[in-house]
Amino acid sequence: MAERGRLIIFSAPSGAGKTTLVKHVMQCFDNLDFSVSAASRPKRKGEVDGKDYYFMTTDEFREKIEQNAFVEWEEVYPGHYYGTLFSEVERVRNQNKHIVFDVDVKGGMNIKKIYGDDALAIFVKPPSVESLEDRLRGRGAESEEKIQMRLAKASAEMDYEKMFDVTIINDRLSEAKNKAYDLVKKFISSHL
């Protein structure tokens, strides 16, 4: 039987830089595929359905929950659901590719719980809450109320760090990228 792909989970408080690190490792390895999450929020400018997220209505998302179609899901904010479909994980693993996740900390822990040693859970940590606030404001994409909600949530999410396999402190981007590359290379090489 052919080997199946492994799972590489990047989780972090919003604005910590996990998406930047995910994009970096995706460019470095040709045997990785990105896990496209489902979301019940509206598309942002430039986002593409099926590439950035599988966009669903709140009702469609709740129907998938009822069908146990998700590896993990969460109502991140009232009426805004995010989740990973089992079908997406299996699609990639059956191609003998490794699947990379860009998910919140609770989602990351749920995936790790289901897949165990077949998954590497990486926590991306901002150097400080102040730097996180600067990054969120720098995006210019959200209201003050949303920024305050994200900061409160981020503060609570920092407590999850100890449950992850490894932490990358995203203080200097080039160093964080190098560490992410090294961790992924070691993890997928141990699979061969």
Between atom [atom1] of [X] and atom [atom2] of [Y], what is the distance when rounded to the nearest 0.5 Å?
X	Y	atom1	atom2	value
Lys23	Thr20	NZ	OG1	6.5 Å
Asp49	Met56	CG	CE	9.0 Å
Met149	Leu151	CE	CG	11.0 Å
His80	Arg41	NE2	CZ	8.5 Å
Asp118	Ile99	CG	CD1	12.5 Å
Leu7	Leu120	CG	CG	10.0 Å

Tell me whether [X] contacts the main-chain N or O of [Y] through its side chain, where contact means a donor paired with an acceptor under 3.5 Å.
X	Y	answer
Glu63	Gln67	no
Ser11	Val103	yes
Lys113	Gly108	no
His98	Leu32	no
Glu47	Arg44	yes
Glu175	Arg172	no
Arg6	Asp117	yes
Ser189	Lys185	yes
Ser190	Phe187	yes

Asp165/Lys112 ion pair, N-O < 4.0 Å: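 Counted as a salt bridge, because a side-chain N and a carboxylate O are separated by less than 4.0 Å.
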N-O pairing of Asp33 and Arg91 below 4.0 Å: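 Arg91 and Asp33: salt-bridged.
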Candidate pair Tyr115 and Val89, rule side-chain contact (heavy atoms from CB on, under 4.5 Å), full reasoning: CA-CA 11 Å; Tyr115 292 97; Val89 176; 3.4 Å; yes
Taking every non-hydrogen atom, the tightest pair across [X] and [Y]:
X	Y	value
Ala176	Ile169	CB-O, 4.3 Å
Ala12	Val124	CB-O, 3.0 Å
Glu161	Thr167	OE2-OG1, 3.0 Å
Ile114	Val71	CD1-O, 3.4 Å
Asn170	Ala16	ND2-O, 2.9 Å
Tyr54	Leu85	CD1-CD1, 4.2 Å

Polar contact flag, side-chain donor to acceptor under 3.5 angstrom, Arg4-Asn94: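 Note: Arg4 and Asn94 side chains meet the donor-acceptor criterion.
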Donor-acceptor side-chain pairing of Ser40 and Arg62 below 3.5 angstrom: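 Their side chains do not contain a donor-acceptor pair, so the 3.5 Å distance test is not met.
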Glu145, CD atom: more than 12 neighbouring heavy atoms under 6.0 Å: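 12 or below, so no.
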Joint hydrophobic cluster, Ile111 plus Val92, side-chain heavy atoms closer than 4.5 Å: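 Yes.
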same_hphob_cluster(Leu183, Val100) at 4.5 Å side-chain heavy-atom cutoff: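 Looking at the clustering, Val100 is in the same group as Leu183.
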Trace of the side-chain contact (heavy atoms from CB on, under 4.5 Å) decision for Phe164 with Met109: CA-CA 8 Å; Phe164 282 74; Met109 285 294 85; 3.8 Å; yes
Phe10/Phe123 aromatic ring centres below 6.0 Å: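 Not under 6.0 Å, so no.
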Beyond-backbone contact of Phe29 with Val184, side-chain heavy atoms, under 4.5 angstrom: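 Counting from C-beta outward, Phe29 and Val184 do come under 4.5 Å.
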Minimum side-chain heavy-atom gap Ile8-Ile122 below 4.5 Å: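 A side-chain contact exists here, since the closest heavy-atom pair is under 4.5 Å.
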Derivation of the salt bridge (Lys or Arg N to Asp or Glu O under 4.0 Å) call for Glu157 and Lys153: CA-CA 6 Å; Glu157 288 173 331; Lys153 187 171 186 293; 2.5 Å; yes
Qualifying residue, where the test is ring pair (Phe, Tyr, Trp, His ring centres under 6.0 Å) with Phe70 and the options are Phe86, Tyr81, Phe61: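 Among Phe86, Tyr81, Phe61, the one that satisfies the ring pair (Phe, Tyr, Trp, His ring centres under 6.0 Å) with Phe70 is Phe61.
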Verdict with supporting geometry, Glu72 and Tyr82, side-chain hydrogen bond (donor to acceptor under 3.5 Å, both in side chains): CA-CA 8 Å; Glu72 59 82 27; Tyr82 291 85; over 6 Å; no
Qualifying residues under side chain to side chain contact (heavy atoms under 4.5 Å, CB included), relative to Asp102, sequence neighbours excluded: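 Residues passing side chain to side chain contact (heavy atoms under 4.5 Å, CB included) with Asp102: Lys18, Thr19, Val22, Phe34.
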Chi angles and distances behind the salt bridge (Lys or Arg N to Asp or Glu O under 4.0 Å) call for Asp171, Lys125: CA-CA 8 Å; Asp171 189 6; Lys125 183 178 179 178; over 6 Å; no
